[in-house]
Amino acid sequence: MSRGPALNPEQREAVDFREGPLLVLAGAGSGKTRVLTARIARLIEEGVPPFRIMAVTFTNRAAGEMGRRIEELLGAPPTGMWSGTFHSLGARLLRREADHLDRDPHFTIYDEDDALRAVKMAMEESGVDPDRWSPRALRSRISRAKGQLLGPEAVGQEAFDLLARRVAEVYPAYEAILRRCNAFDFDDLLGRPVRLLEEEEDVRGLYADRFLHVLVDEYQDTNHAQYRMVRALASEHSNLCVVGDDDQSIYGWRGADLRNILDFERDFPGAHVVRLERNYRSTEPILRVANAVIARNTARKPKELRTERGAGEPVTAVRTGDERAEAEFAAGEIRRLEDRYTPGDVAVLYRTNAQSRPFEEALRRAAIPYRIVGGVRFYERREIRDVVAYLQLVVNPADEAAFLRAVGWPRRGVGSVTVERLLSARREGETLLDAAARASSLDEVPTAGARALQGFAEVILELNVLQREVTARQVAATCVETFGIREALSGEEDGEDRLANVEELLGAVAEFDPTGLDERPDEAGELELFLERVALLSDIDRWDPEQGSVSLMTLHNAKGLEFPVVFVAGLERGLFPLARAEASADEYEEERRLFYVGVTRARDLLYLTHADRRWRAGSGGQAEPSPFLDEVPEDAVERRRVGGSRRGGSRAAGVRGSPGWRTRDDASAASFTWRAGGGSEPAAIGGPSGGGRPGELRYDFDDTQETLRLDPGERVVHPAFGEGTIQDRSGSGRRTKLTIEFDESGTRKVMAAFADLRPA
DNA sequence: CATACACTGGTTTTT
DNA sequence: CCAGTGTATG
């Protein structure tokens, strides 16, 4: 094993340590992935069979990469090693041990959408009013409880507040629904394995005995269930190696418990600790920023990253006029850097997915290729979810979420009333699908609907049988054909795109190769494994770094990645850190860690950008710089004011009477004490029509529009559709709609408040 | 009984 | 901004 640069002494120590628990505190960019892969490769070299190793990573992508690197080191892939996320490994264990469970091995994995649907059903069944109690709040509480391994009984005993009492009512009903649907939610993929491992001695024996070595990456982001899973798996051999960095814990909101890493030495007595603080990734100014910022957190183990790369260009902090100018700046900068970096070297990181839009537009205008990670995920698109529902139903006829989705689309004359009747007519213990199959004999169900239901159910049940003999591709193609999905789509808006997505899905099914996903040579259906993969696939798993495109993603998705050039955008109070985090010290520190994660993604160049004004959720507003920007050491950063009167000149010129964000690119750039410029006066209150609820201050249109009367006949420029003439106007205030005849793209209706029109 | 449109409300991050 | 729900219409 001699490939790659030599390991430094600490890394070597982490690789070579044997016998007992090992905690590797690995700072950002300190080579922890190298350590993990080298350690596994070494174990295999020493004679540990790969199937006796479990490696848990934060994403399936990371697992795949790890496997490839190990193969490079050893010349052979670590066949048989269990590697993947906690969730996928949990699912694997559950399928193997299905006979210990109240599910059959063809269970469906419910995503958040399905789970929420189940919660709504549970609320109905337990008589909790969805108008009074938010299903999402209940879902979130249930998920939280499951993450702590608290069952319905335990929650019932601690139901102190009103919401908790509703949780105690809904939770058991929710569990019953999952059981009768033969489904597990994400939390079950952790909690149920734990239960098996802790309560069934033969299961524990099997796995704890088998895994001589258990390795866990990103340990700082594990929750209680994951901790218990690890503990159970390592209970026999105690060769548990966890790698993590308390400064990069960013999933507290999802139940991650920092105590797991902070208390490791107490939980696993005799643990050896190795600290990796040499950073091989970033230049010195970037690390200075990172160190200074994270040092403000109180809940952490003190440490400091030291660069092994030396000096570099200062970090650039940029203030722009609005989010559009922010994006224009980034696009311009990427262009300017073209001789040194390719678009594939660049990442734009933001706090919320909604921030991607201006960057997409600016990059498109600048003809720079980009890829978005996340946002509306492929498998969450409506048409994809619908087709997948058919497949789920074919594999698992008990799946009610899938049934309800599939039966409603394409339209077949079965509406909410028919479904409602079916729901109430079905017999105890009978699946919805079976009830549908005999719908004609049910008096309650309307005749037309009954016939449709029956036809639908019969085909599904037929496919359920057929499925065992044909390929997944054939099943999927048959569904699309038989249920008229193409026809339905061709009549829809965006039908072309949606159809293309469905074709892509069919392609993915066809290409799907389940090899190595499971060891069961038996009836582990190909389709079933495909669906499992779909359910557990994360955004970042689908990201292809070799694309030569700028990567746009949330800071959360960027964890574990690195880029030569990084933009951290939207550094404004209320956005990053998010407003709600300001009230709680814990959440505030988590936001700061998230910022730290963003900063430490950068190898060479780092830009920190923010805007003076930002359009948020339909209403605009002044934005203040993020307090995090004040924590950046002056001698590592160069502060710039961009946009001002330069680009978007027409915009700035169109501004009328709004001292708040008059361009002032002079002295203020240096000091960074810009508050809201001229003061607190909002751009325009009330608006031309005085629209808005009474007693409520309301910002109106974008400034430029104040110079437009928006009367029919007026010539305007739309950012996407180009020049056009206003034909008609309806509504008032923020709800003003315009009919515009565009010179090139025909007549369209647009919302004036969102169209960002400019005078022609 | 299904469908089309208006309205309301909520909105962070994700396996 | 969007989705999910409620109401008017066919």
Side-chain angles (χ1 to χ4, degrees), chain A residues 56-62 84-91 109-113 115-117 120 130-131 134-137 140 143 146-147 184-190 218 221-223 225-226 249-256 349-357 373-377 379-380 382 408 411-421 445-449 452 493 532-541 553-559 570 574-581 587 590-591 593-595 597-598 615-620 693 731 734-735 737 751 753-755:
Chain A
V56 189
T57 53
F58 198 69
T59 61
N60 292 302
R61 138 182 299 275
T85 62
F86 274 106
H87 294 270
S88 55
L89 294 173
I109 296 167
Y110 272 6
D111 65 10
E112 207 39 54
D113 220 56
L116 193 61
R117 217 176 176 121
K120 287 177 185 162
D131 290 330
S134 140
R136 307 190 65 189
S140 145
S143 179
K146 293 178 85 164
F184 285 121
D185 65 16
F186 284 136
D187 303 304
D188 288 327
L189 301 182
L190 310 174
E218 308 280 11
D221 283 319
T222 50
N223 69 10
Q226 290 166 328
S249 158
I250 55 176
Y251 283 99
W253 52 274
R254 192 170 94 177
L349 310 180
Y350 34 74
R351 181 64 242 261
T352 67
N353 284 120
Q355 286 167 257
S356 70
R357 205 59 57 84
V373 180
V376 225
R377 304 173 179 67
Y379 286 103
E380 278 172 18
R382 202 221 69 212
R411 308 248 109 111
R412 50 171 62 83
V414 176
S416 53
V417 177
T418 306
V419 168
E420 210 53 56
R421 300 267 175 89
V445 181
T447 336
E493 207 178 314
E532 176 175 312
R533 162 104 124 231
V534 166
L536 299 178
L537 207 60
S538 69
D539 294 323
I540 204 73
D541 291 334
M553 68 182 89
T554 61
L555 287 139
H556 283 90
N557 267 145
K559 188 170 80 150
L575 178 62
F576 191 18
L578 281 171
R580 56 166 300 173
E587 286 180 47
E590 181 153 310
E591 295 284 311
R593 289 193 292 269
L594 191 57
F595 180 50
V597 166
W615 231 232
R616 281 244 266 165
S619 70
R693 289 164 221 167
R734 287 174 35 75
R735 309 247 175 247
K737 281 186 189 157
M751 292 280 285
F754 295 114

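Chain identifiers are assigned alphabetically (A, B, ...) following the order of the sequence lines, protein sequences preceding nucleic acid strands; residue numbering begins at 1 within each chain.
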Interatomic distance, [X] [atom1] vs [N] [atom2] [rounded to whole Å]:
{"X": "A:Lys146", "N": "B:dT15", "atom1": "NZ", "atom2": "P", "answer": "18 Å"}
{"X": "A:Leu537", "N": "B:dT14", "atom1": "CG", "atom2": "P", "answer": "14 Å"}
{"X": "A:Ile109", "N": "B:dT14", "atom1": "CD1", "atom2": "C1'", "answer": "15 Å"}
{"X": "A:Phe58", "N": "B:dT15", "atom1": "CZ", "atom2": "P", "answer": "7 Å"}
{"X": "A:Leu349", "N": "B:dT13", "atom1": "CG", "atom2": "P", "answer": "14 Å"}
{"X": "A:Phe595", "N": "B:dT13", "atom1": "CZ", "atom2": "C1'", "answer": "17 Å"}
{"X": "A:Met553", "N": "B:dT12", "atom1": "CE", "atom2": "C1'", "answer": "17 Å"}
{"X": "A:Leu89", "N": "B:dT15", "atom1": "CG", "atom2": "P", "answer": "15 Å"}

From the list A:Arg254, A:Lys559, A:Gln226, side chain to side chain donor-acceptor pair (under 3.5 Å) partner of A:Asp221 resolves to A:Lys559
Of A:Glu591 and A:Arg411, the one whose nearest nucleotide on DNA chain B sits closer to the 5' end is A:Arg411
Position toward the 5' end of DNA chain B (nearest nucleotide), A:Phe186 or A:Val414: A:Val414
What integer number of Å spans the C1' atoms of B:dT13 and C:dG4? 22 Å
If we take the C1' atom in both C:dT5 and B:dT12, what is their distance in whole Å? 24 Å
What is the distance from atom [atom1] of [X] to atom [atom2] of [Y], rounded to the nearest 0.5 Å?
{"X": "A:Arg117", "Y": "A:Asp111", "atom1": "CZ", "atom2": "CG", "result": "10.5 Å"}
{"X": "A:Tyr350", "Y": "A:Thr554", "atom1": "OH", "atom2": "OG1", "result": "7.0 Å"}
{"X": "A:Ser143", "Y": "A:Arg136", "atom1": "OG", "atom2": "CZ", "result": "12.5 Å"}
{"X": "A:His87", "Y": "A:Asp187", "atom1": "NE2", "atom2": "CG", "result": "7.5 Å"}

Nearest to the side chain of A:Arg136, which nucleotide is it out of B:dT11, C:dT5, B:dT12? B:dT11
Among B:dT15, C:dG6, B:dT13, which nucleotide has an atom closest to any side-chain atom of A:Thr352? B:dT13
Sequence-distant partners of A:Tyr110, ring-ring contact (aromatic ring centres under 6.0 Å, His included), two or more places apart: none
All ring-ring contact (aromatic ring centres under 6.0 Å, His included) counterparts of A:Phe58, not counting sequence neighbours: A:Tyr251
Hey, is the side chain of [X] poking within less than 4.0 Å of OP1 or OP2 on [N], counting only N and O atoms?
{"X": "A:Arg580", "N": "B:dT11", "answer": "no"}
{"X": "A:Arg357", "N": "C:dC1", "answer": "yes"}
{"X": "A:Thr418", "N": "B:dC1", "answer": "no"}
{"X": "A:Ser538", "N": "B:dT15", "answer": "yes"}
{"X": "A:Arg421", "N": "B:dC1", "answer": "yes"}
{"X": "A:Asn353", "N": "B:dT14", "answer": "yes"}
{"X": "A:Arg254", "N": "B:dT15", "answer": "no"}

What's the verdict on side chain to side chain contact (heavy atoms under 4.5 Å, CB included) for A:Leu575 and A:Thr352, showing C-alpha distance, side-chain angles and the deciding distance? CA-CA 8 Å; A:Leu575 178 62; A:Thr352 67; 4.2 Å; yes
Using a 4.0 Å heavy-atom cut-off across all strands, classify A:Asn557 as base, sugar-phosphate, or nothing. sugar-phosphate
Determine the contact category for A:Val373: base if any of its heavy atoms lies under 4.0 Å from a base atom, sugar-phosphate if only primed atoms, P, OP1 or OP2 are that close, otherwise nothing. nothing
Answer yes or no as to whether B:dT14 has its base stacked against A:Tyr251, where stacking requires a ring-centre separation under 5.5 angstrom and planes under 30 degrees apart. no
I'd like a table of atom pairs between the protein and nucleotides 8-10 of chain C - only N or O on both sides, under 3.5 Å - with the distance next to each one.
none

Derivation and outcome, side chain to side chain contact (heavy atoms under 4.5 Å, CB included), residues A:Leu189 and A:Leu536: CA-CA 10 Å; A:Leu189 301 182; A:Leu536 299 178; 3.6 Å; yes
